[in-house]
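What follows is a single structure, written as structure tokens, with notes after it.
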Amino acid sequence: MSQRVKIKALLQSQQTDVDVTVKGWVRAFRSNRFIALNDGSTNNNIQIVVDFENTDPALLKRITVGAAISVVGKLVASQGKGQTVEVIAADIEILGDSDPEKYPIQPKKHSLEFLRENAHLRFRTSTFGAIFRVRHSLAFAVHQFFHERGFVYLHTPVITQSDAEGAGEAFHVTNFDLANVPKTDTGEVDYKQDFFGKSTNLTVSGQLEGELGAMALSDIYTFGPTFRAENSNTTRHLAEFWMIEPEVAFNDLDDNMDLAEDMLKYVIKYALDKNADDIEFLTQRLQEEEKQKPQNERSEMTLFEKLQFCLDHDFERLTYTEAIEILKESTPNKRKKFQYPVEGWGTDLQSEHERYLVEKHFKKPVILTDYPKNIKAFYMRQNEVDANGHETVRAMDILFPGIGEIVGGSQREERLDKLEQRMDEMGIPKDELWWYLDTRRFGSCPHAGFGLGFERLVLFVTGMGNIRDVIPFPRFPKNAEF
RNA sequence: UCCUGAGUAGCUCAGCCGGUUAGAGCAUCUGACUGUUAAUCAGAGGGUCGCUGGUUCGAGCCCAGCCUCAGGAGCCA
């Protein structure tokens, strides 16, 4: 018996009239004769032609949607339209039956909500097969990008000590019996008796530890799971998500922007090259979906065109202050169309403002820099006060069409006195972060980094609308199924 | 967490002003057909109308509370 050949290889095969073994899951069985078989190696199915007149009827009945089968047969040029090659089955073995009365995935359109509730089986649909192959490619490309540039992949801890940086609500990690939590004399939880001897939680960011690595290895990146216990119910947030956080010694904010833009273009190009079929499929899917919308809400570009456009154009770079001026003078602001009118300098931009800049004004990815100091984190490098008395920090956010903020980063404050002063102002406990401050005490240097929400990148590249559909098993409030 | 909308067959949905036996398409099953591509044709089975309570002679429909989901907002990546 010949070795199993993956369907992707079979479909690309130049040789016909050869014996092959192919294994996979039945997507459809038409006319008691044509099996559409898929094994996940590609979005495309191989057609298996069954000689039903000379096949045991009991076996035919077991060829149902979702069943796993093994086929030995001859690869031939297809007589029918829609495929170039097909396999004439000589022998079919049922590896795993699939009761059609109970199997939830039918050969028809399913809503994304329904498939989300069946996340354990949704990989078997064309859409999710394509999404997760693209997701893989993007992850691989991220590693390749940094590896090629001499970065060290640094594994920062998943369990960290008390959340000191305020990057959002953290999940507590404890080994206590919750029905009998040890208390101190004053009635507080006695973490000294807990597993780690102190209060711990799941990481909300690997950045601070990443900086420690960068202050010796120069160029590092992290790529791992991140957890936020925020009660966020949106299409862009998850309680467990994957974040990529490069940190580079001796980089300033411009270097940081260059790195982020290069990386995004690199990984998008990689997916376009390696997953052409999947992105073509997802482009079609999105176009079908857009047909449901009224004409004026449809996007001007297809998914493929959007990705290509992103590669062909420089991201628009401007300061927060410049963005505020544009927004103030914008038509929707003057006509009071914004829910939050843009008036003064100093408040954070709302989603609608970011969307206006990216989707209406510039119509391409935008990098906003130099945000007001008091709306950003303590570790961002402080600029000199400008002529208008504005206090800003060397922050940058990359905004993508349809996604919003995909990257948030900054040049870090490397001056110990400035950093400590800022921590005091913001009530960040310096004693808990003594190790972080040590980098500023011993051989401090300018450095910069950013965080990229991996799922938001996958969202953009696949053209999907809900972040829960681009991670295999999404974690969000009231849901930890599977 | 807030705002808006939704929850009826396996799926997608309809169900009028509160009225008698709750419907359709797809899927499934049975049969026919057999080079199909969301195959086609005929027939059949399939329901705790999200949950709890209330109003009423009578509730899928009205009221209250709760749960879940979707979209938007906030927080952010």
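The basis for the numbers below is simple: all heavy atoms, side chains too, and nothing from hydrogens, waters or symmetry mates. Below, chains carry the letters A, B, ... as their sequence lines are ordered, and counting in each starts from 1.
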Give a yes/no on whether any side-chain N or O of [X] is located under 4.0 angstrom from OP1 or OP2 of [N].
| X | N | answer |
| --- | --- | --- |
| A:Arg236 | B:C75 | no |
| A:Arg30 | B:A39 | yes |
| A:Asn466 | B:G71 | yes |
| A:Thr235 | B:A70 | no |

Enumerate the residues from [range] whose closest heavy atom to RNA chain B is under 4.0 Å, giving them by residue number; use none for an empty result.
| range | answer |
| --- | --- |
| residues 113-141 of chain A | A:Glu113, A:Phe114, A:Arg116 |
| residues 335-350 of chain A | A:Tyr340, A:Gln350 |
| residues 352-373 of chain A | A:Arg355 |
| residues 31-40 of chain A | A:Ser31, A:Arg33, A:Phe34 |

Taking the basic N atoms (NZ, or NE/NH1/NH2) and the acidic carboxylate oxygens, is any pair closer than 4.0 Å for [X] and [Y]?
| X | Y | value |
| --- | --- | --- |
| A:Asp314 | A:Lys265 | yes |
| A:Glu352 | A:Arg355 | no |
| A:Asp258 | A:Arg317 | yes |

Euclidean distance, atom CZ of residue A:Phe241 to atom C1' of B:A77 [Å, nearest integer]
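Those two atoms, CZ and C1', are 5 Å apart.
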Any donor-acceptor N/O pair, A:Asn256 side chain to A:Gly449 backbone, under 3.5 Å
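Side chain of A:Asn256 to backbone of A:Gly449: a pair is present.
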Where the side chain of A:Glu169 meets the backbone of A:Ala229, is there a donor-acceptor pair that is under 3.5 Å apart?
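A pair under 3.5 Å: no.
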Can you check the distance between [N] and [M], where both ends of the measurement are the [atom1] atom (answer in whole Å)?
| N | M | atom1 | result |
| --- | --- | --- | --- |
| B:U36 | B:C41 | P | 15 Å |
| B:C61 | B:U48 | P | 16 Å |
| B:G45 | B:C63 | C1' | 37 Å |
| B:A6 | B:A14 | P | 10 Å |

Indicate the ring-plane relationship of A:Phe482 and A:Phe473, choosing parallel, tilted or perpendicular according to the 30° and 60° boundaries.
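Tilted.
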When the ring planes of A:Phe460 and A:Phe400 are compared, do they come out parallel, tilted or perpendicular, using 30° and 60° as the limits?
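A:Phe460 and A:Phe400: perpendicular rings.
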Taking A:Thr462 as the fixed residue, which of A:Leu303, A:Ile279, A:Leu282, A:Thr127 is the one that meets the side chain to side chain contact (heavy atoms under 4.5 Å, CB included) rule?
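In the set A:Leu303, A:Ile279, A:Leu282, A:Thr127, the residue that makes a side chain to side chain contact (heavy atoms under 4.5 Å, CB included) with A:Thr462 is A:Leu282.
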Residue of the set A:Leu349, A:Thr321, A:Thr319, A:Ile398 for which side chain to side chain contact (heavy atoms under 4.5 Å, CB included) holds with A:Leu368:
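By the side chain to side chain contact (heavy atoms under 4.5 Å, CB included) criterion, A:Leu368 pairs with just one of A:Leu349, A:Thr321, A:Thr319, A:Ile398: A:Leu349.
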Torsion-based syn/anti label for B:C26, 90° from 0 as limit
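Nucleotide B:C26 adopts anti.
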Non-neighbouring partners of A:His136 that pass side chain to side chain contact (heavy atoms under 4.5 Å, CB included), sequence neighbours left out
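Per chain and number, A:His136 pairs via side chain to side chain contact (heavy atoms under 4.5 Å, CB included) with A:Phe140.
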Quick check: any donor-acceptor pair below 3.5 Å linking the side-chain of [X] to the base of [N]?
| X | N | value |
| --- | --- | --- |
| A:Ser232 | B:C76 | no |
| A:Asn45 | B:U37 | no |
| A:Gln79 | B:U36 | no |
| A:Glu53 | B:U34 | no |

What nucleotide, of [options], holds the atom closest to the side chain of [X]?
| X | options | answer |
| --- | --- | --- |
| A:His110 | B:U37, B:G74, B:C11 | B:C11 |
| A:Phe52 | B:A27, B:U34, B:A77 | B:U34 |
| A:Glu230 | B:C75, B:A73, B:A77 | B:C75 |
| A:Glu405 | B:G74, B:G35, B:C76 | B:C76 |
| A:Asn479 | B:C69, B:A77, B:U1 | B:C69 |
| A:His237 | B:G74, B:G35, B:A39 | B:G74 |

Could you check whether any side-chain heavy atom of A:Thr392 comes within less than 4.5 Å of a side-chain heavy atom of A:Lys373, counting everything from C-beta outward?
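A side-chain contact under 4.5 Å is absent here.
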Name all pairs fulfilling the salt bridge (charged side-chain N to carboxylate O under 4.0 Å, His left out) condition that reach into [range], sequence neighbours left out, sorted by first residue then second.
| range | value |
| --- | --- |
| residues 28-48 of chain A | A:Arg4-A:Asp39 |
| residues 461-482 of chain A | A:Arg116-A:Asp469, A:Arg122-A:Asp469 |
| residues 133-144 of chain A | A:Arg133-A:Asp278, A:Arg135-A:Glu455 |

Close aromatic pair by centroid cut-off 6.0 Å: A:His353 and A:Tyr340:
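No, the ring centres sit 6.0 Å or more apart.
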First locate atom CG of A:Leu202, then atom CD1 of A:Ile159, and finally report the distance between them rounded to the nearest 0.5 Å.
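It is 7.0 Å, given to the nearest 0.5 Å.
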Does NZ or CZ of A:Arg124 come closer than 6.0 Å to the centre of the six-membered ring of A:Phe128, within 45° of the ring's axis?
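Ring-cation test returns no.
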Base-pair string, RNA chain B, Watson-Crick plus G-U, cut-off 3.5 Å on both distances, | for inter-strand, is (((((((..((((.....[...)))).(((((.......))))).....(((((..]....))))))))))))....
With sequence neighbours left out, what residues match A:Glu300 under salt bridge (Lys or Arg N to Asp or Glu O under 4.0 Å)?
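So A:Glu300 forms a salt bridge (Lys or Arg N to Asp or Glu O under 4.0 Å) with A:Lys363.
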Could you work out, with salt bridge (Lys or Arg N to Asp or Glu O under 4.0 Å) as the rule, every residue matching A:Glu316, not counting sequence neighbours?
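Residues passing salt bridge (Lys or Arg N to Asp or Glu O under 4.0 Å) with A:Glu316: A:Lys364.
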Looking at every strand, decide which applies to [X] at a 4.0 Å heavy-atom threshold: base, sugar-phosphate, or nothing.
| X | answer |
| --- | --- |
| A:Val407 | sugar-phosphate |
| A:Ser78 | base |
| A:Lys61 | sugar-phosphate |
| A:Gly80 | base |
| A:Pro100 | sugar-phosphate |
| A:Ser111 | sugar-phosphate |
| A:Lys81 | base |
| A:Leu238 | base |

Closest approach of A:Leu37 and A:Gly24, non-hydrogen atoms and distance?
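Taking A:Leu37 first and A:Gly24 second, the nearest heavy atoms are CD1-C, 3.6 Å.
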Hey, what are the protein-to-nucleotides 44-49 of chain B N/O distances that come in under 3.5 Å?
none

Using the ring-ring contact (aromatic ring centres under 6.0 Å, His included) rule, pick out the option among A:Tyr153, A:Phe450, A:Phe454 that qualifies with A:Tyr221.
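Running ring-ring contact (aromatic ring centres under 6.0 Å, His included) over A:Tyr153, A:Phe450, A:Phe454 with A:Tyr221 returns exactly one hit, A:Tyr153.
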Take A:Met243 and A:Glu86, find for each the nucleotide of RNA chain B with the closest heavy atom, and name the residue whose nucleotide sits nearer the 5' end.
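Here A:Glu86 is the residue nearer the 5' end.
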